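Have a look at the structure below, then the notes.
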Amino acid sequence: MGLLLPSCGEVKTLGVNPCEQKDFINQNIGYMPQKFGLYEDLTVMENLDLYADLKGLSQDHKDKSFKTLLNFTGLGEFISRLAGDLSGGMKQKLGLACSLLGRPGFLVLDEPSVGVDPISRRELLRMVQDLCDEGMTILWSTAYLDEAEKFSSCVLLNEGKLLYQGAPQDLTSKLEGRTFFAYAKDGKNRALLKQIIKDGDGLTDAVIQADSVRVVLDRGIQKYENLDLQPTTPRFEDAVIDILGGCPKGESSLSHNLQIVDDASEYVIEADALVKRYGSFYAVKNNTFKVKKGEIFGLLGPNGAGKSTSFKMLCGLVTPTSGTARIMGLDIQKNLSKARSYLGYMAQKFSLFGGLSVMQNLKFFSGIYGLNIWEQRDKINQMVDIFDLKPYLGHNADELPLGFKQRLALSCALMHNPPILFLDEPTSGVDPLTRRDFWNHINTLVEKGVTVMVTTHFMDEAEYCDRISLFYRGEAIETGTPSELKNKVSKDCTMEEAFIALIEKYDRQKIQRMPA
Amino acid sequence: MWNRIFALMIKEFHSIWRDPRSRALIFLPPLVQLCIFAFAATMEVKNIDMVIWDQDKTYYSRELSERFQNSVWFRKIYYVQDESHFLRLLESQKVMMGMNIQNNFSRNIKASKKAEVQLIFDGRQTNVSQILSGYATEIVNQYQKDVFLSGFNDLPRVDIRTRNWFNTSLMYLHYTVVSLVATLAMIAGTILTALSVAREREIGTFDQLIVSPLRPFEILIGKTIPPLVIATIIATFMLLMAVFAFGIPFSGSLWLFYLSTLVFLLSIVGIGLFVSSLCKTQQQAILGSFIFQMPAMLMSGYIAPIENMPVFFQYLTYANPIRFYLVIVKGLFFKNMPWNVVFENLAPMFVMALIMLYCAYWVFKRNLD
Amino acid sequence: MTRLRALIIKEFHQMMRDPSTLLIAFILPMILLCVYRFSLNLDTITVTIGIKNEDNRAQISSLVSAFENTKYLIPRSYSNRAQMERDIEKGVIRGMVIIPNDFSEKLGRSQEAQIQVITDGSETNTANFVANYSTAIINNWLTNTYKIRGMKKPTIKVVSRFWYNEELNSHWFVLPGALSVIMTLVGILLTALVVAREWERGTMEALITTRITKTDLLLSKYIPYFCLGMVSMAFCVFWCVVIFGVPFRGSYFLYAIVSGLFLLTLIGQGLLASTLAKNQFTASQAALTGGFLPALMLSGLVYPISSMPTPIQFLSNFISAKYFVGCSQNLFMAGNIWDILIPNSIFMIIMSVILYLLIYRYTAQRLD
């Protein structure tokens, strides 16, 4: 598109060189950058107006396309709201609307679904599908493979190299007969996964999916007879992992290095009637739940449902309007400092100090968790070994690849051997291999008795959880294991379908309950 | 607890020190500014151009003109023959003053009548013309004395022995440099702290600090000490420059200098942290620190003396730590100020520092929600 | 044109929505004007000095009362010299006059009598003033008291006139100059932040991919802040003339032109800083170091440029505030002095053109 100059080679967009004919290019493509180019201090309408004028739309043309776009995106009732006050999903829709102005022949979307909940994401995909049907060419970059599956053709890039080009289905079909579900006899899916990965031989991929482990085997391998394998249809993700050379195998090195958490109390996180009110708006209404030791507990929900607020109340970032949050039996309001020393916290965008080197970040986090100099040195060495940070020690945290940022953030959060780990959307925008690697580490931690609390609207992550609390409009509308939630909807739906169905059901009931 | 604070402090040092650009931006400007402004900020009057319109053209009038010509204050003297030139030069600010000697000047002198000399100053440069009028009047008076009183030996005379204590040769440069050390230290202190909280809040790392076991007052300490230390280093550099590059003798106690510098910078850092913690965005924080700096500089007594301000403003200056610090720094440089006087000026700054740090602490605490 | 208009409208919307803009454009200038008006008072000072009179003869009391009868010196009598010295150390008094016990006796015998004037050199300005003023008082007293016998009395009368500012009101001089410093807030600081902010927030990336040209982009930043600056300037001039009673003798139209030119140079500096820095901290730092402080110190607002050493005088030629201060003081106090307005305006035009070209050159159309 002419934003970066290629070092060598040639780019042709719409038949011209974008660097030389910038004007032509800018006129004919719509671009939606990763950080949405919206002015947060302008209203929806003002943003649209601005971009319409920048594209040189005439007045009646403008009126017409506003109407269709607002219809299309469902933003009609929010036109006078500030873009900064929109939810993540709505921002993306507005961004899409802005880049669609002037009917470009070619639409470029850079990771449009990062930070968007499944409902909004589905709508976004539907909109893009509609545009496609109208004959527009769309380039959608993403790290989520379930999105890629829906496209007509895809280009797979890894470390700057092209790995595959063609229709996703063609790639997926090659894996026919290699994908299975494995069920652990005792229901301990994590132990099973660990065991499968540890062997590693002949294995392409293994991930937890609710109470089973999804296994992809190498071609022609007939091992694992001891497992109860049930064939299933391959996904695009399986195929991609195959191309990338399989999932990370072996044991997480964390398993050797971490002490086992032993604590008598059964419930390590307790939320008792938590309420958070901002003015007359209830961000969280009466939220009660308990998390057992050694559990992965997920807070799931669309943007703005109150999961982040609940999460923040539990780690003491936000004071609840009423109710209590207890960590290891301590009331967090009364024993803030003590309770926090039990917590490891990994924030949404990893919140590292970008201007500091990896080493300096590690030192800082080990220091603020109260380790003395010798402990610090040991711990840092250990973390560097576990997470392979050695080659990056002198780099600024800003310059790290996303996967390493994530590792660094995790290692910083684990500095003080916390019995509880809080993860706020830990794998947003991270590629599938890194994601697997990350969850392997988390699984190992859980095996050791660490309790993990995670917020997400990413369905793969939800599958990893032992229990999920589904948040909507400030309330926890359903709580249960992933299978339980799915079964509430239908026998073999995906997590995403279950999620959407449950929320829609709640909405319907709400309307029925309302007096006429 | 100290481990935690120490880690936070190290981090703050690193984030200031690691990026070479920000390092340069923090250390270079004060030193460069000290050099430039030390020479620029002078209230002295010299290199003055003047115009003389001598209508008399006699021995007496030429003698008087000569006096101006030979004086150290004046650089260039234009002689004009007609009024329009005279006015034009004055009007266009080519000259700062004009002298108009009327054509009856020598006649009046010989007739023992009052002879008039008109001196015209450019009121647009108010402070310069005010000082200049003193010099010019002095030149004329001296001329008068020399011309008419020579030969009278038995006159009662007064020998006025003027001594300028503490800055014997009345070096304006010394005064400026010392005042600038204080002013630039303040600017450095504010800049170092202004963004320290606001930036972390914009990036999201401030949450990370809050979730950690760091208590609000530990965050406060961790955020206070690094800028304090760095600003003190900058002040040290400026002190060294003042003494060795500008050759200003430092007469007081170094211990007292560092003690009062620390207290002063503590109050500045407190103000900076308070402003920074109040602001949601970096932009607000930057503007906020500007809003503090400008009046603080003007009301410090450096550019214009506090005694000249209206009473209300004089009271306002009591809330301005730099006002007290200026007194101490000048006192320590020039007067070997005794410790009890230093402490009298130190106390208000200390109170100020405590109040501001407490305010910042209070905001940190409130930020938990 | 529609694109430019759209960008400008966007900029205005952002400005109006941000309360800090109004604060900077109106409230802050008002506060600063008050601070300049009252705290930057360079009028002749009233100074407290100490007098120790060791001579008890009657005629000396007239010398002491000569000190008492001046507007500018407040004498305080001391009998203990040590006490007086302590006070000068503390800064309670800024000077001391010591009259020795043989003072009048010597004068009576037509001998040379001595008097000591000691000043606090740490306050250099004040010290100068105290020394000069005391000398004048003593000399004056001497000629009045000891009439010179047998002398003809052709005295030269000095008639001093202060053109344009007869009363030497220093705020007439300070306020028109201070406008230059106040305008750096709107002109440099605000604009330094806006472009850097667009980079930091990622909106610049979206803008680059639309069909706008560099000129559109630059003008869309120049025009809104120019308008804001002009409104703010008008407000400040109103405040100076109506509230603080500074005379305005030139033409308001010309004043608008020179302030417009000055604002262009300021906005240019601000935009250049933020175009180069791309982050708010560096941009604001540059604005402070390159804009505000030089405008205060090197523009001739407080310190006369003619007294500065030559290299620094040369340096001051690159400070646009210098040219504006000259124009502003003239238009307020003197009128339309073309000899000053024209060259100064030309310099400002040249500066703003150069700045514009530099910004144009460094405005990126790509990400790398």
Side-chain angles (χ1 to χ4, degrees), chain B residues 25 29 37 39-44 46-47 91-92 109 112 114-121 123-124 126-130 133-134 137 140 144 154 156-167 170 172 175 195 282-283 286-287 295 298-299 303-305 308-310 313 330 334-335 341, chain C residues 20 35 38-42 45 89-90 107 110 112-119 121-122 124-125 127 131-132 135 138 142 146 152-165 168 170 173 193 280-281 284-285 289 297-298 302-304 306-309 312 329 333-334 337 339-340:
Chain B
L25 269 172
F37 296 154
F39 291 104
T42 171
M43 288 277 197
E44 274 174 310
K46 52 188 178 194
N47 304 334
E91 196 185 70
S92 62
I109 286 182
S112 297
K114 270 214 168 115
E116 211 179 88
V117 173
Q118 216 180 9
L119 297 178
I120 291 158
F121 302 94
R124 284 169 290 188
T126 313
N127 54 339
V128 177
S129 43
Q130 188 172 343
S133 78
T137 317
V140 178
Q144 161 168 285
D154 57 340
R157 272 164 297 141
V158 179
D159 170 24
I160 303 172
R161 299 250 168 117
T162 308
R163 294 276 176 283
N164 300 302
W165 278 11
F166 316 126
N167 180 3
L170 276 192
Y172 204 86
Y175 169 74
L195 289 181
Q282 295 185 58
Q283 186 184 357
I286 292 165
L287 293 172
L298 291 169
M299 290 167 56
I303 298 181
N308 277 14
M309 298 176 194
F313 275 73
K330 278 190 281 190
F334 299 129
K335 295 183 180 176
V341 186
Chain C
S20 64
V35 172
F38 294 111
S39 68
L40 204 63
N41 188 352
L42 304 166
I45 342 166
E89 258 173 16
K90 272 197 194 174
L107 282 181
S110 285
E112 185 177 84
Q114 279 176 358
I115 196 165
Q116 239 186 334
V117 175
I118 292 165
T119 67
S122 69
T124 315
N125 255 339
N132 292 337
T135 311
I138 296 164
L142 189 67
Y146 295 87
K152 299 183 283 178
K153 293 200 291 183
T155 42
I156 300 176
K157 190 178 167 215
V158 177
V159 183
S160 291
R161 300 288 309 272
F162 298 94
W163 278 9
Y164 312 116
N165 188 357
L168 283 182
S170 73
F173 153 76
L193 296 176
Q280 296 188 53
F281 172 71
S284 65
Q285 265 294 83
T289 344
M297 310 292 276
L298 300 178
V302 186
Y303 305 106
S306 60
S307 305
M308 299 174 190
I312 289 168
Q329 285 173 345
M333 287 184 279
I337 313 284
D339 286 342
I340 289 163

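This one's a predicted model, so the numbers in the text were calculated from it and none came from an experiment. Letters A, B, ... mirror the listed sequences (proteins, then strands); counts begin at 1.
- No donor-acceptor distance shorter than 3.5 angstrom exists from the side chain of B/N127 to the backbone of C/S170, with no hydrogens or angles considered.
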query = Could you walk me through whether C/F38 and B/M309 pass the side chain to side chain contact (heavy atoms under 4.5 Å, CB included) check?
reply = CA-CA 6 Å; C/F38 294 111; B/M309 298 176 194; 5.8 Å; no
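- With hydrogens and angles left out, the side-chain atoms of C/S306 and B/N47 include no donor and acceptor closer than 3.5 Å.
- For a residue to count as touching a neighbouring chain, one of its non-hydrogen atoms must lie under 4.5 Å from one of that chain's; by this rule C/L298 touches chain B with the side chain only.
- Using a 4.5 Å cut-off between heavy atoms, B/F39 contacts chain C through both its backbone and its side chain.
- Nearest heavy-atom pair, B/E116 versus C/V159, reported as atom, atom and distance to 0.1 Å: CG-CG2, 3.3 Å.
- Relative orientation of the C/F162 and B/F121 rings is parallel, given thresholds of 30° and 60° on the angle between their planes.
- Among B/L298, B/V341, B/I286, the residue with the largest count of heavy-atom pairs under 4.5 Å with chain C is B/L298.
- The two atoms that bring C/Y164 and B/G123 nearest to each other are CD1-N, 4.5 Å, heavy atoms only.
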task = Could you give me the CA-CA distance, side-chain angles and deciding distance for B/Q130 and C/N165, then say whether side chain to side chain contact (heavy atoms under 4.5 Å, CB included) is met?
result = CA-CA 11 Å; B/Q130 188 172 343; C/N165 188 357; over 6 Å; no
task = Kindly indicate, with the supporting measurements, whether the criterion side chain to side chain contact (heavy atoms under 4.5 Å, CB included) is fulfilled by B/M299 and C/V35.
result = CA-CA 8 Å; B/M299 290 167 56; C/V35 172; 3.8 Å; yes
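- For the pair C/I340 and B/E91, the tightest heavy-atom approach, listed with the atom from each and the gap, is CD1-O, 3.7 Å.
- Side-chain contact between C/Q329 and B/T126: absent, with no pair of heavy atoms (C-beta onward) separated by less than 4.5 Å.
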request  = Determine, stepwise, if the pair B/I303 / C/Y303 fulfils side chain to side chain contact (heavy atoms under 4.5 Å, CB included).
outcome  = CA-CA 9 Å; B/I303 298 181; C/Y303 305 106; 3.7 Å; yes
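- Nearest heavy-atom pair, B/K335 versus C/K90, reported as atom, atom and distance to 0.1 Å: NZ-C, 4.4 Å.
- Of the two parts of B/Y175, the backbone and the side chain both hold a non-hydrogen atom closer than 4.5 Å to a non-hydrogen atom of chain C.
- Counting heavy-atom pairs under 4.5 Å between each of B/L287, B/V128, B/V140, B/L119 and chain C puts B/L119 at the top.
- The two residues C/S122 and B/F334 make their nearest non-hydrogen contact at CB-CD1, 3.3 Å.
- In terms of heavy atoms, B/A304 sits closest to C/S39 at CB-O, 3.4 Å.
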